[in-house]
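What follows is a set of notes on a single structure, which appears directly below.
These values consider heavy atoms only, across backbone and side chains, with no hydrogens, waters or symmetry-generated copies. For the single chain, residues carry numbers from 1 onward in sequence order.
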Amino acid sequence: MFSSKVKQAKTKIMVFPMGELFFGTRLEQVLRVVAMPNVFKSGEKLLGIANFEDQEVVVVDLYQKVFGQPLPKRQGFLLILGGKANLYGLTVPNLPILREIPIADLHALPANYRDRDSLGVASHMFQIPEKEIPQTVFLLDTDLLLTMVDQAS
């Protein structure tokens, strides 16, 4: 007889907690995860710059975007993302964990929620089991985030 199990299409997502929230980014967008380098920025701005493999990388302080205050210096990790022509860095307070998520479990955020939410850069959400309680993860729209960076530059 045929097996009743149908292989579901999955995607790999780097998931990381930030305060009481969980965020994720698609693995194919992440080039590397590194310990937090020195990030140079003027005052408490959202953008900074760091050196990565002999080049300068524009860094977005995601913690500051979400909570309104910068991630404490030299704490956390930097996700190196590939942009259209440049590399970008995204600060995260904890080491991301790779999760394989069924694509059917990704739910698009309604535009009217997305436009009103203070984060404004999440495109989808899904749930993961975390300490026996399902946690909602917001999937970052890194293209939108990088567009915001380009416009702020």
Tell me whether N51 contacts the main-chain N or O of D54 through its side chain, where contact means a donor paired with an acceptor under 3.5 Å.
no

Value rounded to 0.5 Å, distance of CD in E20 from CZ in F67:
8.0 Å

Is any side-chain N of the basic residue among K12 and E28 closer than 4.0 Å to the acidic one's carboxylate O?
no

Does Y88 form a side-chain contact (heavy atoms from CB on, under 4.5 Å) with V59? I'd like the steps, not just the answer.
CA-CA 6 Å; Y88 295 89; V59 174; over 6 Å; no

So do the side chains of E53 and R32 get within less than 4.5 Å of each other, counting heavy atoms only?
yes

Contacts of type side-chain contact (heavy atoms from CB on, under 4.5 Å), residue P134, not counting sequence neighbours
Q127

Pairs of donor and acceptor atoms involving the side chains of residues 95-111, under 3.5 Å and at least two apart or interchain, shall be tabulated with distances.
unit_1: R99; atom_1: NH2; unit_2: E130; atom_2: OE1; d: 3.3
unit_1: H107; atom_1: NE2; unit_2: D105; atom_2: O; d: 3.3

Carefully, step by step, assess V34 and F77 under the rule side-chain contact (heavy atoms from CB on, under 4.5 Å).
CA-CA 6 Å; V34 297; F77 296 86; over 6 Å; no

List, by chain and then residue number, the residues other than I49 in its hydrophobic cluster (Ile/Leu/Val/Met/Phe/Trp/Tyr, side-chain heavy atoms under 4.5 Å); write none if there are no others.
F40

With F16 as partner, the option from V33, V137, L62 fulfilling side-chain contact (heavy atoms from CB on, under 4.5 Å) is L62

Side-chain heavy atoms of F22 within contact of Q135, under 4.5 Å:
yes

Would you say the side chain of V30 lies within less than 4.5 Å of the side chain of L81, judging by non-hydrogen atoms?
yes

Just verifying a value: how many Å separate N94 CG and M18 CE, rounded to the nearest 0.5 Å?
8.0 Å

